[in-house]
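These numbers come from the heavy atoms of this one structure, side chains and all, not from hydrogens, waters or symmetry mates. Below, read A as the first sequence line, B as the second, and so on, with proteins coming before strands; counting in each chain starts at 1.
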Number of protein chains: 2
Amino acid sequence: MTTSGVASQARFSAQARLRALQADIMDLILDRELEAGDPLPTENELAMVLGVGRNTLRESLKVLQALGVVEIRHGFGMFVAPSNFDALTDGLTFRGRLSLRHKGDEALELVDVRQALESGLIGNAMDTMTSGQLAAVEESVVLMEELAAAGEAFVEADAEFHRRLFEPLNNALLISLLAVFWKVYRQIHVEVGAGAEDLAAVAAAHRRIYEAVAKGDKALAAERLNRHFDGIRNRIYQVVG
Amino acid sequence: MTTSGVASQARFSAQARLRALQADIMDLILDRELEAGDPLPTENELAMVLGVGRNTLRESLKVLQALGVVEIRHGFGMFVAPSNFDALTDGLTFRGRLSLRHKGDEALELVDVRQALESGLIGNAMDTMTSGQLAAVEESVVLMEELAAAGEAFVEADAEFHRRLFEPLNNALLISLLAVFWKVYRQIHVEVGAGAEDLAAVAAAHRRIYEAVAKGDKALAAERLNRHFDGIRNRIYQVVG
DNA sequence: CAAACAATATTGGATGTCCCACCTTCTGTT
DNA sequence: AACAGAAGGTGGGACATCCAATATTGTTTG
């Protein structure tokens with residue numbers, strides 16, 4: 001039933017045929033019960049099996065690579081890939097930058113979703129957070145404060161803070177999504193050139209969030225996360241007027 | 001600074017070059033201040049400008065199409081596209097199906113994220129929900145009940161219920177993400193072949209959610225949404241357990 | 001004059017072929 | 001035994017060529 005011949009004469013639109021080809025490749029992986037890391041047939045072999053030209057096949061393969069389905073290693077082969085959300089990052093970043101030229105709607109929507117995820121899940125994360133994980137969060141706060149005192153930006157420490165905050169949930173998909181939103185926001189932020197922010201104030205806001213988490217006060221932690229995101233949202237507002 | 005020559009001799013990895021080409025195309029769109037719906041140069045022209053072969057360019061364009069950045073219309077041209085998350089859907093669906101062959105981790109993670117978004121945002125949605133929107137939600141409930149009474153599955157009505165629930169937030173990105181998670185879950189569900197579920201019970205669960213929303217009780221609505229997702233999670237457990 | 005039809009130009013869709021770049025593995029020498 | 005180099009196989013990339021779809025233009029026809 002699967003691996004339905006894409007090469008059949010069907011009068012599908014071009015886009016539908018491309019997606020059908022992608023589906024056929026994915027079905028082939030599932031049919032052969034390949035797992036992450038397993039090798040796929042060579043390009044020529046796949047093109048033969050699926051009944052399409054090599055260039056056509058490559059177009060689909062590159063899409064699947066971007067989707068994190070396959071990993072392509074030059075001179076070695078193609079393999080079933082572990083999760084990868086780089087593609088989503090790129091796409092959303094572009095959307096966000098494009099929207100900033102107008103009303104910034106998409107950029108704001110992105111912040112809204114990230115806020116919903118973080119403030120909505122902080123309670124769950126606190127439920128299973130170990131003392132070691134809590135210490136790691138504070139470590140990020142301290143690093144941010146040190147960098148702020150030195151007048152240096154702390155993009156990486158900021159990202160690390162949020163990542164560690166939700167590590168206890170043990171949800172790779174969530175971590176990936178948050179990373180995507182973080183990267184997109186950061187790119188937009190760079191684009192906007194908002195370099196004049198108060199580093200110390202940002203670091204302090206993160207410490208307040210940490211303190212609420214350390215106290216075990218879920219409502220307060222969610223509230224302070226919301227305040228943090230309000231600040232981010234305001235920065236975007238300032239740019240798009 | 002933008003549109004850096006990808007064709008330069010740099011010894012980047014193949015994947016990095018592909019992504020650089022994609023970035024160049026997106027930069028070109030931003031540099032020329034094109035907006036959604038505006039036409040892009042032809043394939044040949046773009047290949048010329050970016051200094052790559054047409055097949056190489058096409059591979060990048062297909063990726064951008066999958067990411068919802070450009071829209072390609074056979075025989076007409078290429079245009080800056082409106083948002084499109086079909087690609088994300090496909091990739092996540094594949095991941096979920098693949099994970100079901102083992103422990104189902106990714107499928108469960110997906111449900112967790114969807115649950116976090118819905119139960120975390122239901123309060124915000126209720127804040128701005130109009131009476132008309134509330135009526136639309138009930139309409140979906142009634143439809144589900146009718147279909148359940150007739151013994152028919154109500155996949156579409158179920159999806160519509162959740163979509164309408166969060167329409168008040170006016171966040172296209174969120175709606176898209178929820179739609180993605182819904183489709184992925186549905187595909188996994190079909191794959192799993194869990195057809196023997198109690199339609200009436202599912203419809204009743206949705207009515208209880210609606211009633212909590214109608215009463216304006218945010219905590220209760222969130223609680224009942226959580227119960228609903230617990231049921232979904234259990235169904236996945238039954239399959240992979 | 002207007003509507004319907006047909007020819008054409010333009011654009012993307014697809015394939016085959018050729019050569020290059022990269023990685024692994026084998027093999028032979030030291 | 002260890003290292004170096006050769007060899008084979010893989011994906012990367014560029015053309016050239018033809019196919020297919022769409023919109024436009026021009027002609028025909030009522």
Side-chain angles (χ1 to χ4, degrees), chain A residues 5-25 28-29 34 37-81 84, chain B residues 5-25 28-29 34 37-81 84:
Chain A
V6 164
S8 62
Q9 32 64 49
R11 281 292 154 270
F12 290 152
S13 75
Q15 179 165 349
R17 302 205 330 188
L18 179 70
R19 289 190 59 178
L21 182 53
Q22 293 168 22
D24 278 357
I25 297 171
L28 182 143
I29 293 174
L34 301 181
D38 287 351
L40 269 70
T42 68
E43 287 188 348
N44 281 308
E45 191 175 341
L46 264 183
M48 217 80 74
V49 170
L50 298 176
V52 298
R54 185 172 167 234
N55 282 315
T56 305
L57 173 71
R58 280 180 121 257
E59 289 172 3
S60 283
L61 284 173
K62 290 303 172 66
V63 172
L64 291 180
Q65 178 188 35
L67 295 183
V69 171
V70 304
E71 178 185 351
I72 304 178
R73 297 177 57 183
H74 188 177
F76 192 27
M78 301 182 293
F79 307 84
V80 180
N84 175 320
Chain B
V6 165
S8 62
Q9 34 64 47
R11 280 292 152 270
F12 290 153
S13 75
Q15 179 165 350
R17 302 205 330 190
L18 179 70
R19 290 190 60 178
L21 182 53
Q22 294 167 23
D24 278 357
I25 298 171
L28 182 142
I29 293 174
L34 301 180
D38 287 352
L40 270 69
T42 67
E43 287 188 347
N44 281 308
E45 191 174 341
L46 263 182
M48 217 81 75
V49 170
L50 298 176
V52 298
R54 190 172 164 229
N55 279 316
T56 306
L57 173 72
R58 277 178 126 265
E59 288 172 5
S60 282
L61 284 173
K62 289 304 172 67
V63 172
L64 291 180
Q65 175 184 256
L67 296 183
V69 171
V70 303
E71 178 185 352
I72 304 177
R73 295 178 58 182
H74 189 176
F76 193 26
M78 300 182 295
F79 308 84
V80 180
N84 174 324

Inset, instruction - Could you check whether B/G75 gets within reach of a base, just the sugar-phosphate, or nothing at all, counting any heavy atom under 4.0 Å? - result: base
Inset, instruction - Answer yes or no: does a side-chain N or O of A/R54 lie under 4.0 Å from OP1 or OP2 of C/dT15? - result: no
Inset, instruction - For D/dA14, take OP1 and OP2 only and decide whether either is under 4.0 Å from a side-chain N or O of B/T56. - result: yes
Inset, instruction - Could you tell me the separation between the CZ atom of B/R17 and the P atom of D/dG11, rounded to a whole number of Å? - result: 17 Å
Inset, instruction - Counting heavy atoms from C-beta on, name the nucleotide in C/dC23, D/dG13, C/dG12 closest to the side chain of A/K62. - result: D/dG13
Legend entry - Residues forming a side-chain contact (heavy atoms from CB on, under 4.5 Å) with B/P39, sequence neighbours excluded: B/F79
Legend entry - From D/dT22, C/dG12, D/dT10, nucleotide with atom closest to B/I72 side chain: C/dG12
Legend entry - Rounded distance (nearest 0.5 Å) linking atom CD of A/E59 with atom CG of B/L61: 9.0 Å
Inset, instruction - Please check the phosphate of C/dG13 (OP1 and OP2 only) for any side-chain N or O of B/R58 closer than 4.0 Å. - result: yes
Legend entry - Euclidean distance, atom CD of residue A/E71 to atom P of D/dT10 [Å, nearest integer]: 17 Å
Inset, instruction - Nearest whole angstrom, please: distance from the C1' of C/dA14 to the CG of B/L61. - result: 15 Å
Legend entry - Protein-nucleotide distance (B/F76, atom CZ; D/dA21, atom C1'), rounded to Å: 12 Å
Legend entry - Separation of atom CD in B/Q15 from atom P in D/dT10, rounded to whole Å: 21 Å
Inset, instruction - Among the candidates C/dG16, C/dG13, C/dT11, find the nucleotide nearest to the side-chain atoms of B/E43. - result: C/dG13
Legend entry - For atom CE of A/M48 and atom P of D/dG11, their distance in whole Å: 12 Å
Legend entry - Distance in Å, B/L40 CG paired with B/L34 CG, rounded so as to fall on 0.5 Å steps: 6.0 Å
Inset, instruction - Specify the residue among A/G53 and B/G77 whose closest nucleotide of DNA chain C lies further upstream toward the 5′ end. - result: B/G77
Inset, instruction - With rounding to the nearest 0.5 Å, note down the distance linking CD in A/E45 to CG in A/L57. - result: 11.0 Å
Inset, instruction - Considering just the side-chain nitrogens and oxygens of A/R73, establish if one lies under 4.0 Å of OP1 or OP2 belonging to C/dT24. - result: yes
Inset, instruction - Starting from C1' on C/dG12, measure out to CG on B/L57 and report it in whole angstrom. - result: 11 Å
Legend entry - From A/L46 atom CG to A/R58 atom CZ, the distance as rounded to the nearest 0.5 Å: 12.5 Å
Legend entry - Between P of C/dT17 and CG of A/N44, the distance in whole Å: 11 Å
